[in-house]
Amino acid sequence: MNWSAVFEIRIICDPADTDRLTTALDKAFVTGAVRAYPTRDGKRTRLYATAAYRHDPEPFPAPEAAYTLAPSIVSEIGWTARTLATTECFTELDRDYYLRKAALLDRIALLDEPVLLGGGESTETALAAAVMLLDTDWPHIAPDLAEQAEQDPRGYVRQQYAQRAGCVCDDAGEGVCLAHPDPDH
């Protein structure tokens, strides 16, 4: 939450209206958890929420910007295949796998789309992988980003990949560096 312009909202309402008003607050503002308490007479409910104004979402990055630091497509195909080959059956893969796979399929679809005038199977596959990542992330996405991501799942993949793709070789515990996938760089 961008807490640059934060304010507190208090609403006193009928207990039956609590869910409806909480939903309305989430749509109108970026809010923290809404706290509910009974009024002193016990007949109504007091709702408190720390809120900030909802800003227009940033546009998703263009593919060229998102994939600037990406390893080659061939390298990512190899990484995806090795990951699957060395993972025991029925093992849940981590988010990083789904992000890199979705980005790989998006990049492949981008190569096909100009030739196929809008895409074909590669575009459908890239969209399916993007939706899979979005479903994985859904519980943790801010409402304004969720709405934008639902309209453009592949754009969401690009945004998430661009955020992840910086060099992390010197950051302990950050996982595999996408900028330098070869451990001996």
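- Here the side chain of D137 pairs no donor or acceptor atom with the backbone of H140 at under 3.5 angstrom.
- Applying the side-chain hydrogen bond (donor to acceptor under 3.5 Å, both in side chains) test to E8 and every residue at least two apart in sequence or in another chain returns R35, T50.
- Follow the hydrophobic side-chain contacts under 4.5 Å out from V131 and you never reach W138; the two are in separate clusters.
- Looking at I9 and L47, their side chains never come closer than 4.5 Å, going by heavy atoms from C-beta outward.
- Counting heavy atoms from C-beta on, the side chains of P153 and L127 come closer than 4.5 Å.
- Looking at heavy atoms from C-beta onward, Q159 lies in side-chain contact with Y156 at the 4.5 angstrom threshold.
- Legend: residues meeting salt bridge (charged side-chain N to carboxylate O under 4.0 Å, His left out) with R46, ordered by chain and number and at least two apart, are absent.
- Here CG of L105 is found 9.5 Å from CZ of R154. Values are rounded to the nearest 0.5 Å.
- R20 pairs by the salt bridge (charged side-chain N to carboxylate O under 4.0 Å, His left out) definition with D17, not counting sequence neighbours.
- Nearest heavy atoms, R44 versus C13: CB-O, 3.2 Å.
- Residue A66 comes nearest to P61 through the heavy atom pair CB-CG, 4.2 Å, listed as atom of the first residue, atom of the second, then distance.
- D41 is linked by a side-chain hydrogen bond (donor to acceptor under 3.5 Å, both in side chains) to T39, counting only residues two or more places apart in sequence or in another chain.
- Judged by distance alone, with hydrogens and angles left aside, the side-chain atoms of R82 form a donor-acceptor pair with the main-chain N or O of G78 at under 3.5 Å.
- Both F29 and I11 sit in one connected hydrophobic cluster of ILVMFWY residues. Membership requires side-chain heavy atoms under 4.5 Å apart, directly or through other members.
- Not counting sequence neighbours, the partners of Q160 by the side-chain hydrogen bond (donor to acceptor under 3.5 Å, both in side chains) test are R95.
- The two residues S122 and A109 have their closest heavy-atom pair at O-CB, 3.5 Å.
- The structure places CZ of R107 at 6.0 Å from OH of Y161, a figure rounded to the nearest 0.5 Å.
- Proximity of K101 to T83: side-chain heavy atoms (C-beta onward) are nowhere separated by under 4.5 Å.
- D96 has its side chain within reach of R100: a pair of non-hydrogen atoms, C-beta onward, lies under 4.5 Å apart.
- Interatomic distance, L99 CG to L133 CG, rounded to the nearest 0.5 Å: 5.5 Å.
- Proximity of Y67 to L110: side-chain heavy atoms (C-beta onward) are separated by under 4.5 Å at one or more points.
- Looking at T45 and D14, their side chains never come closer than 4.5 Å, going by heavy atoms from C-beta outward.
- Under the 4.5 Å side-chain heavy-atom criterion for ILVMFWY residues, a single connected hydrophobic cluster contains both F60 and Y98.
- Counting only distance, with no hydrogens or angles, the side chain of T91 and the backbone of T87 share no donor-acceptor pair below 3.5 Å.
- Within the 4.5 Å cutoff, no side-chain heavy atoms of L134 are placed close to those of V157.
- Legend: residues meeting salt bridge (charged side-chain N to carboxylate O under 4.0 Å, His left out) with R158, ordered by chain and number and at least two apart, are D106.
- Listed for the T23 side chain is a donor-acceptor partner under 3.5 Å among the backbone atoms of D19.
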I73 and I108: side chain to side chain contact (heavy atoms under 4.5 Å, CB included), yes or no, with the steps? CA-CA 8 Å; I73 288 175; I108 291 169; 4.0 Å; yes
